[in-house]
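Here is the structure we will look at, set down as structure tokens.
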Amino acid sequence: MELQVWQIIALSLLGFYAIVENLSISVFANQALIMGTITGLIMGDLKTGLAVGATLQLMGLGIQAYGGASVPDYMTASIVGTAFAVISGKGVEFGIGLAVPVALLMIQLDILARFFNVFFQKRIDSAVEEMNISKIKFYHFMGIFSWGLSRGLPIFIVFCFGENIVKLISDIIPSWLTGGLSIAGGMLPAVGIAILLRYLPVKNYVGYLIIGFVAVAYLSVPMFGVALLGFAMAIIQYKKMTTMPVTLSSENNVSAGGIDDDEYED
């Protein structure tokens with residue numbers, strides 16, 4: 001089976017849309033299962049799309065780009081893996097095997113896309129100072145366009161030149177470039193988390209922060225276990241706040257802004 005021109009264009013636009021929509025609060029596009037299903041419909045093999053997408057969805061559970069971290073892109077991998085599984089006729093296992101290196105390769109392109117967006121962001125800051133609305137809109141659009149191309153263009157290239165292009169690109173990229181991108185990618189989460197901690201009330205909940213750090217760094221608790229631990233502590237904190245004596249809160253309200261002695265005498 002060979003890809004038709006309309007299928008290449010449709011899958012490239014799908015990858016473009018998925019990564020742009022991933023920046024929003026939508027839970028529709030940022031799922032490998034959804035991307036695999038849509039790709040299966042485009043390729044005429046819904047069953048394969050569901051199988052590849054569901055497998056990659058499980059592989060990506062608990063992996064999120066917290067603090068600006070670059071993580072494997074299983075959405076794009078689901079599109080590429082499903083398409084080649086149908087084209088080759090070698091089944092779901094072949095598609096998944098090809099999808100994993102694609103997901104890892106997207107990490108490097110993700111970092112490059114972030115660098116481009118920093119350039120556009122600086123131009124937007126200058127346009128804000130000048131109160132130039134047209135420039136703000138233009139550079140905002142360019143940021144969205146460059147971010148979408150970081151997925152749409154590789155998908156288009158892969159489908160035009162075949163599966164060997166993935167391995168070829170991985171082999172051609174020099175080690176100094178991949179090393180530099182890896183260092184930058186390692187710094188982004190630290191910077192992002194530091195910014196988050198700067199604005200969060202960490203001093204009031206530093207005990208919880210220490211518990212989470214010990215669980216991950218010293219006890220090697222998996223991500224799902226950490227999520228359950230945080231959920232349990234949130235329940236405890238919620239019950240503690242809701243069971244506080246009502247009289248105490250009432251006294252605080254009166255002393256803070258209630259009726260004083262002079263008003264009572266009047």
Side-chain angles (χ1 to χ4, degrees), residues 17-38 49-79 81 96 99-100 102-104 106-107 110-111 113-114 147 151 182 184-253 256:
Y17 167 79
I19 193 61
V20 172
E21 188 67 18
N22 191 41
L23 299 176
S24 69
I25 60 175
S26 172
V27 297
F28 173 76
N30 57 354
Q31 305 292 333
L33 176 59
I34 299 299
M35 292 298 103
T37 302
I38 297 176
L50 285 169
V52 174
T55 303
L56 295 177
Q57 183 77 30
L58 292 174
M59 296 176 64
L61 287 178
I63 300 178
Q64 295 294 332
Y66 296 116
S70 295
V71 298
D73 182 3
Y74 290 108
M75 296 185 303
T76 303
S78 181
I79 296 173
I96 295 173
V100 173
V102 171
L104 297 176
M106 289 300 106
I107 296 178
D110 186 82
I111 299 173
R114 293 176 189 270
W147 188 256
R151 303 307 194 274
S182 299
M187 293 175 61
L188 286 175
V191 175
I193 292 175
I195 294 174
L196 290 175
L197 294 179
R198 174 67 177 80
Y199 295 99
L200 292 176
V202 179
K203 294 182 180 180
N204 298 333
Y205 304 100
V206 66
Y208 296 147
L209 181 64
I210 295 174
I211 291 174
F213 178 79
V214 171
V216 175
Y218 294 99
L219 301 180
S220 300
V221 178
M223 187 62 64
F224 185 70
V226 175
L228 289 178
L229 182 62
F231 182 65
M233 290 189 293
I235 293 176
I236 295 173
Q237 181 66 23
Y238 175 77
K239 289 185 176 181
K240 181 180 177 181
M241 295 177 63
T242 55
T243 56
M244 292 179 63
V246 178
T247 56
L248 179 60
S249 60
S250 300
E251 292 176 359
N252 290 337
N253 292 333

For the student: nearest non-hydrogen atoms of [X] and [Y], plus distance:
X	Y	value
Gly53	Ser78	CA-OG, 3.6 Å
Trp147	Asp110	CH2-OD1, 3.4 Å
Leu50	Leu33	O-CD1, 3.9 Å

Between [atom1] on residue [X] and [atom2] on residue [Y], distance to nearest 0.5 Å:
X	Y	atom1	atom2	result
Ile235	Lys240	CD1	NZ	15.5 Å
Gln31	Gln57	CD	CD	4.5 Å
Met233	Ile211	CE	CD1	5.0 Å
Ile19	Arg151	CD1	CZ	4.0 Å
Leu219	Phe213	CG	CZ	11.0 Å
Met35	Tyr17	CE	OH	7.5 Å

Hey, are the side chains of Val226 and Val216 touching, using non-hydrogen atoms and a 4.5 Å cut-off? yes
Is a donor from one side chain sitting under 3.5 angstrom from an acceptor on the other, for Tyr208 and Gln237? yes
I'd like to know if the side chain of Thr242 reaches the main chain of Lys239, judged simply by a donor and an acceptor atom lying under 3.5 Å from each other, with no hydrogens or angles considered. yes
